[in-house]
Amino acid sequence: MQKAIQLRQFLAERLPAVRLFSEAEAAKTSPCHPTGLPQIDELLGGGLPKGAITELVRDDKMTGSALVLCSILRHSQGQWAGLIDGRDSFDPASIDFKLSRLIWVRCQEAAQALKAADLLLRDGNLPLVILDLALNPLPQLRKTPSTVWYRLQRLIEPKSTALLVITPRPTVSSAKARLHLAGNFDFEALDQPQEELLRQLKFAIVNKRLHSDELEWAQAG
Amino acid sequence: MFAVIYIPDFALQAALRHEPELLKRPVALVDESLPKPVIVQLTETARAAGVCAGLTSTQAMARCRDIIIKPRSIAQENAAADALLQCGYLFSPYVEATAPGVCTLDLKGQTSGGDEKFGQQILTLLDQLQLKAQIGVAATPAVALHAARSASERGHSCPPEATIETDSPQANSADRNVRAPMRNALPFLCVNDASAFLNNLPIQSLQPSLALLNILDKWGIRTIGAFVALGKDALAERLGAEALELFQRASPHETRPLKLSNPPEVFEETFEFENEIESLEPLLFILRRFIEQIALRLTLASFAAEDVLLRLTLSEGSKYERPFKIPAPTANADVLFRVLYTHLENLRTEHPIKALYLRASPCRPSSEQFNLFDCTLRDPNHFYETLGRLTALLGPDRVGLPAIEPTYRPDAFRMDPLDFVGEQPLTRKTDSARSLSPRERAGVRGKSASKLHCGSDSSSTSNQCGLTLRRFRPPLPAQVELQGKHPCALRSMLFQGPIRRAAGPWRSSGQWWDKQLWQRDEWDVQTASGRLYRLYREHDNWFVEGVYD
């Protein structure tokens with residue numbers, strides 16, 4: 001134990017720019033689920049935050065949310081993931097890899113999707129859950145009380161699950177980070193490689209809440 | 001040394017194993033397979049009320065108004081016999097299923113086979129299995145059986161607070177040769193001097209025929225000692241072969257080889273409800289006891305359950321059967337119960353339930369070494385339960401793993417259930433063309449082939465081209481105006497207005513050999529709003545299949 005403390009002191013003196021974390025701190029401060037999309041990962045500091053909700057807003061004029069969804073699933077294909085499809089719109093044929101670890105939950109309404117999300121988040125087995133409400137009508141989403149989103153936030157907090165919610169309008173009041181998708185493709189995009197299309201996508205972060213401890217770090221830094 | 005585990009009133013105990021509270025009430029067991037169904041076994045309370053074996057149900061009810069009549073159940077007796085044998089196998093590898101409710105163990109090679117602690121362990125285990133047993137230990141199987149049968153009588157003949165020392169001068173000769181320090185507390189008897197023990201046993205212990213018993217009674221022969229004193233030759237000469245057989249059974253040194261049997265790897269329980277049930281609570285009540293019993297038996301045999309089969313017999317004769325796959329085999333009663341409970345919570349049967357049957361398929365607890373980068377579910381059983389809840393919420397075809405059907409029909413997929421055991425590492429699809437749209441397949445064959453396979457072969461990058469389709473299920477009906485052969489205007493609930501650009505038609509068809517024939521023309525269009533849709537025409541009807549996003 002004494003040697004470990006001496007080693008930490010030695011490293012702190014030699015490398016003052018490098019922060020040294022204990023294991024618990026490291027686990028707490030770097031819980032991210034990489035998406036494989038550099039634009040998102042850079043904005044969110046490594047990927048989708050675990051134990052928190054990230055909202056991806058795709059308004060009516062923008063295109064590319066399904067592309068992002070498939071890209072994240074492709075990047076997470078070695079791990080279990082859950083896709084709660086709020087409007088039963090996911091096309092399995094659009095994926096060119098085997099979906100043997102993707103739990104697809106096909107819902108018809110936003111209320112069903114939220115109940116399914118509640119169950120999956122309570123379970124806590126899946127490291128990534130995507131709640132896709134992009135095609136759900138706005139009245140359905142407006143009917144969802146904000147307490148539902150806070151409940152989901154409370155459910156996910158103690159777990160190491162990352163929840164990504166895709167919505168047509170800013171909806172998730174308890175989201176730790178809200179991203180706006182800026183992508184608008186024309187007819188030629190139908191023949192372009194998906195990699196190139198993904199590179200063209202732009203994201204803007206409009207809201208990022210920091211936990212109190214992270215805020216301290218940010219202020220100290 | 002041999003030990004015999006004896007379950008008195010075995011058929012009755014087997015019938016009441018899942019309702020042990022009834023043992024304190026007047027209960028009689030009727031064998032309905034007899035030409036004249038009569039009571040064969042009964043509880044002490046029923047006996048105290050004047051009921052005895054051989055009476056009919058009506059006669060018994062005349063003597064005791066509150067008596068509960070239970071039918072004899074061979075299935076329950078088999079389950080109890082399996083449990084007894086599995087319990088015996090824990091204490092010796094040489095086990096014989098001597099008779100229903102009687103199990104003989106060969107204790108050779110065991111140093112502490114005959115002590116009270118040994119008996120206590122067996123009795124505690126059987127008590128958990130809801131079986132009240134008596135144990136006898138002796139040098140021969142026959143004497144051990146006599147000891148087991150008389151263990152309770154000796155034990156309970158004393159007041160509860162009494163402790164009889166086997167060496168005490170007040171004890172009779174038989175008591176001096178048995179080791180039962182707390183006979184009143186423990187139905188366990190270890191016989192050291194078999195001759196002295198047998199001498200004082202009543203002649204009925206040998207179970208002679210009624211005729212022979214009458215003769216012996218007239219002769220004044222009432223103990224085994226007096227019977228043996230008559231001599232083998234004299235008995236054979238006067239009473240024949242039966243007396244000779246009894247003489248051999250009464251011999252303290254006559255031993256026999258055991259007919260060894262392996263404990264069955266069957267873990268099942270069955271129960272017939274006295275009254276048909278219509279609600280979940282009584283079913284869960286019995287089911288919980290079933291699960292606890294099976295889990296205990298699995299644990300004792302170092303097994304875990306990998307499959308559970310639930311069968312409900314309905315009042316009109318039909319059966320509802322449902323197998324449950326346990327994702328992570330376990331013998332934990334809570335986990336097994338939760339799996340069943342989640343399903344039964346949403347089960348509705350058309351008729352009341354008459355009987356319940358549960359069987360667990362055993363397997364060895366898995367000890368799997370995962371790869372360094374292998375990700376697995378933290379609690380597969382809990383996840384299985386969550387999927388059950390999701391299925392109950394959304395429907396059976398709404399939750400699962402998506403799998404593409406081997407056909408070119410658009411949007412042909414199925415939902416596979418999770419296979420936790422046969423989970424394989426991810427591989428790329430072998431026939432990726434199956435998942436492509438007609439437009440993409442045309443690209444594969446045509447000039448766009450080079451574009452289509454533009455990515456690297458890494459599994460983390462996409463080889464596909466174009467935007468991803470979000471489907472409308474079912475497709476939305478639309479009206480399309482054509483200019484020449486090309487769509488120029490669209491009218492649907494999504495959009496009404498001119499079409500700016502269109503590409504197609506991408507023709508596809510299939511299954512012309514059966515009734516599921518399909519044939520369609522696909523168009524990719526961009527509306528004036530800038531949105532990209534996929535349209536298709538089938539039998540002169542237009543539909544919006546999805547939106548590119």
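Labels below follow one simple rule: chain letters A, B, ... track the order of the sequence lines, proteins then strands, and each chain is numbered from 1.
Taking the six-membered ring where the residue is Trp, the centroids of A/H180 and A/F203 are separated by 6.0 Å or more.
In this structure, A/R106 is positioned above the aromatic face of A/W104, its NZ or CZ under 6.0 Å from the six-membered ring centre and within 45° of the axis.
Smallest separation of non-hydrogen atoms from A/N136 and A/G86: ND2-O, 3.1 Å. In this structure, A/C107 and A/A113 approach most closely via the heavy-atom pair SG-CA, 3.6 Å.
For a residue to count as touching a neighbouring chain, one of its non-hydrogen atoms must lie under 4.5 Å from one of that chain's; by this rule B/L532 touches chain A with the side chain only. Only the side chain of A/L197 has a heavy atom closer than 4.5 Å to any heavy atom of chain B. For chain A, the nearby part of B/D411 is the side chain; its heavy atoms alone come within less than 4.5 Å. When heavy atoms are compared at a cutoff of 4.5 Å, B/R531 approaches chain A solely by way of its side chain, counted from C-beta outward. Interface residue A/D132: only side-chain heavy atoms are found under 4.5 Å from chain B. Residue A/L135 touches chain B through its side chain alone, counting heavy-atom pairs closer than 4.5 Å. Looking at A/E196, there are no atoms closer than 4.5 Å to chain B (heavy atoms on both sides), in backbone or side chain. With a 4.5 angstrom heavy-atom cutoff, B/A502 touches chain A only via backbone atoms.
A salt bridge does not link A/E55 with A/R169: none of the charged nitrogens is closer than 4.0 Å to a carboxylate oxygen.
In this structure, A/K159 places its NZ atom where more than 12 heavy-atom neighbours from other residues, nucleotides or ligands lie under 6.0 Å away.
At distances below 3.5 Å, at least one donor-acceptor pair connects side-chain atoms of B/D549 with backbone N or O atoms of A/G64.
Ranking B/R473, B/M415, B/Q526 against chain A, the residue ahead of the rest is B/R473, based on heavy-atom pairs under 4.5 Å. Residue with the most contacts toward chain B among A/L120, A/L126, A/L119: A/L119 (heavy-atom pairs, distance under 4.5 Å).
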